[in-house]
Every structure is written in structure tokens, then in C-alpha cells.
Amino acid sequence: MATQLKSLSDYTGKNIVDMAGKRFAIIVSEWNEEVTNALHSGAVGTLLSHGVAKENILTGSVPGSYELTLAAQWAAEKERVDAIICIGVVIQGETKHFDFICDAVAQGIKDVNLKYGKPVVFGVLTTNTLQQALDRAGGKHGNKGDEAAITAIKMLGLKSGLEEL
Ligand code: RBF
């Protein structure tokens, strides 16, 4: 799955609508904090540049990516939260933890999406090395935090569009 050809310039256009009044929760994993902080900065900057008010972005942290799902569920339970962005980095190690954590988080986030009918974005890097993660957190492959925020914005735009039907 090649991702290096993707950049924010691919994300202009469809379903980008005014986000004033929308409320976002960002859940950030503390594991590999250097990377997750950079992803978080990218996500916040992108939300602000699309008209989201600073006070409408709430950030919470969890110890590791495995905890993202429960925190996302707590945020989704809040009626005033429109979308949730989950940020984490899981790096392949020598044990099977990588597979267990990635599977649990991917499935868990999908479940919260469907249970609450709100965008819950999978902003979790799953890489072989720390360098690959850094390259995608403001490095040579852009910032996937920006793209996670754009995904939330586009999904809310689509939802508003569908409400007109
Ligand atoms: N959390 C991450 O977000 N990224 C990791 O790369 C990561 N690797 C882990 C490796 C091991 C061996 C263990 C025990 C935990 C790891 N975690 C990682 C933490 C995990 O997401 C979770 O916080 C803990 O397992 C506690 O539930």
C-alpha cells in the first residue's frame, strides 16, 4: 500500500465545508511521544486552518495506542463531540505485540465509528522503524496528523451533505 504519493494537495475539494461550530476530540498516545506530538500538532494546525475554533478542540492523552479505543468511545459518548481523531504510533518490535495492538486498535476504532455514527479517525502509524514514523510526522512523507484532521473534516462534510437528502 503505497502512501508516499499522497499529500495534502490530494485532499482539496470534495466535502470540505466550513467547520465553524464543530467540536473535535483528539486522543493522543504517549508511546513514541516525539512522533505523536508532531502528529498532534499537524492535526490541530489543520483543524484551525479550516475554521475550527481553538476552544472546540479538546485533546486527551492515553498511555499507549491500545488505550485509544476506550478513550475514543468515552469521547464519542459526548453528544457535543462531532468527530474524534485517534493518534498513535506502533513500531514493529521483536515480539508479537505489534500485531495484537494494531489489530485491536484498528478493529476497536472501526467499532466506535459504527456504534456512534461519528467519524473516529485512525491516525495511527504502524511502521517497521522509528525513522519511518518520523518521516510521516512532519518529515519527508508529510504529516499524517494533517491527513487525519482532513479526514475528519471531509467525513463531517459528507455527513452534512447526506442530511440534505
Ligand atoms: N503502544 C504504542 O502505542 N506503540 C507501541 O509501539 C507499543 N509497543 C508496545 C510493546 C510492548 C512489548 C508492550 C507491552 C506495550 C506496547 N505498547 C505500545 C503499549 C500498549 O499500547 C498499551 O499501552 C499497553 O499494552 C497497556 O495496555
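Atoms within each ligand, like the ligands themselves, are counted from 1 in listed order. Nothing fancy with the numbering, it's 1 onward along the sequence.
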Inset, instruction - Please check if Phe122 and Val28 belong to a single hydrophobic cluster, counting links between Ile, Leu, Val, Met, Phe, Trp and Tyr side chain heavy atoms closer than 4.5 Å. - result: no
Legend entry - Phe24 side, atom CZ; Met19 side, atom CE - distance, nearest 0.5 Å: 5.5 Å
Inset, instruction - For the pair Thr126 and Ile91, evaluate side chain to side chain contact (heavy atoms under 4.5 Å, CB included) and give the outcome as yes or no after the intermediate values. - result: CA-CA 6 Å; Thr126 59; Ile91 298 175; over 6 Å; no
Legend entry - Asp135 and Gln131: side chain donor to acceptor below 3.5 Å: yes
Inset, instruction - Give, for atom CG of Asn37 and atom CD of Glu30, the distance between the pair rounded to the nearest 0.5 Å. - result: 9.5 Å
Inset, instruction - Please answer: with hydrophobic residues joined when any side-chain heavy atoms are less than 4.5 Å apart, are Val124 and Phe98 in the same cluster? - result: yes
Legend entry - Pocket residues of ligand 1, ordered first by chain and then by residue number (heavy-atom cut-off under 4.0 Å): Ser29, Trp31, Asn32, Gly64, Ser65, Tyr66, Glu67, Val89, Val90, Ile91, His97, Ile101
